[in-house]
Amino acid sequence: MDPNGLKSAIKSGKLSGAYLFYGEERYLVKYYFGELRSAVVTDDTLSVFNNPKFHGDELDFASVLEELRSPPMMSDYK
């Protein structure tokens with residue numbers, strides 16, 4: 001998906017699946033990540049449940065898959 005497709009998905013509220021942000025333009029990666037996060041995490045008190053973060057050494061496929069399979073808590077999205 002390109003940035004325009006992501007913008008359209010966020011605007012329409014039709015978000016699904018998982019999103020992987022990468023690219024040479026770090027400011028665009030950060031910008032679109034922030035836009036998506038704002039659309040998904042509407043209550044910051046629940047972000048610990050609905051906005052999982054992985055860092056370097058702790059990142060493994062099993063952990064990511066477990067997070068993707070679990071439903072969001074008190075929210076429409078995760």
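The shown structure was predicted, so the numbers you read here are calculated from the model rather than taken from an experiment. For reference, positions follow the sequence shown, starting with 1.
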Peer 1: Hey, are Asp44 and Arg37 close enough for a salt bridge, meaning a charged N less than 4.0 Å from a carboxylate O?
Peer 2: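 Yes, this pair counts.
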
Peer 1: What's the separation between atom CG in Asp60 and atom CD in Glu66, rounded to the nearest 0.5 Å?
Peer 2: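 Going from CG on Asp60 over to CD on Glu66, the span is 9.5 Å.
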
Peer 1: Thr42 and Ser38: which non-hydrogen atoms are nearest, and at how many Å?
Peer 2: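 Residues Thr42 and Ser38, closest heavy atoms: CG2-O, 4.4 Å.
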
Peer 1: Any chance you could measure Glu67, atom CD, to Asn50, atom CG, to the nearest 0.5 Å?
Peer 2: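 Glu67 CD to Asn50 CG: 9.5 Å, rounded to 0.5 Å.
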
Peer 1: Report whether Tyr27 and Tyr31 are members of the same hydrophobic cluster (ILVMFWY, side-chain heavy atoms less than 4.5 Å apart, transitive linking).
Peer 2: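 Yes.
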
Peer 1: If Ile, Leu, Val, Met, Phe, Trp and Tyr residues are connected whenever their side-chain heavy atoms lie under 4.5 Å apart, and connections chain through other members, are Leu65 and Leu59 in the same group?
Peer 2: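 No, no single cluster joins them.
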
Peer 1: I'd like to know if the side chain of Ser75 and the backbone of Pro72 have a donor-acceptor N/O pair within less than 3.5 Å.
Peer 2: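 Checked: no pair found.
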
Peer 1: What closest approach, in Å, do Asn51 and Val41 show between heavy atoms, and which atom pair accounts for it?
Peer 2: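 Closest approach of Asn51 to Val41, heavy atoms only: CB-CG2, 3.9 Å.
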
Peer 1: Please tabulate, one pair per line, all N/O donor-acceptor pairs under 3.5 Å involving side-chain atoms of residues 13-24, not counting sequence neighbours.
Peer 2:
unit_1 : atom_1 : unit_2 : atom_2 : d
Tyr19  : OH     : Ser16  : N      : 3.4
Tyr19  : OH     : Ser16  : O      : 3.3

Peer 1: Run the numbers on Ile10 and Lys7 for side-chain contact (heavy atoms from CB on, under 4.5 Å), then give the verdict.
Peer 2: CA-CA 5 Å; Ile10 292 170; Lys7 269 199 288 194; 5.9 Å; no

Peer 1: Using a 6.0 Å cut-off, check whether atom CZ of Phe49 has over 12 heavy atoms from anything other than its own residue.
Peer 2: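 Open.
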
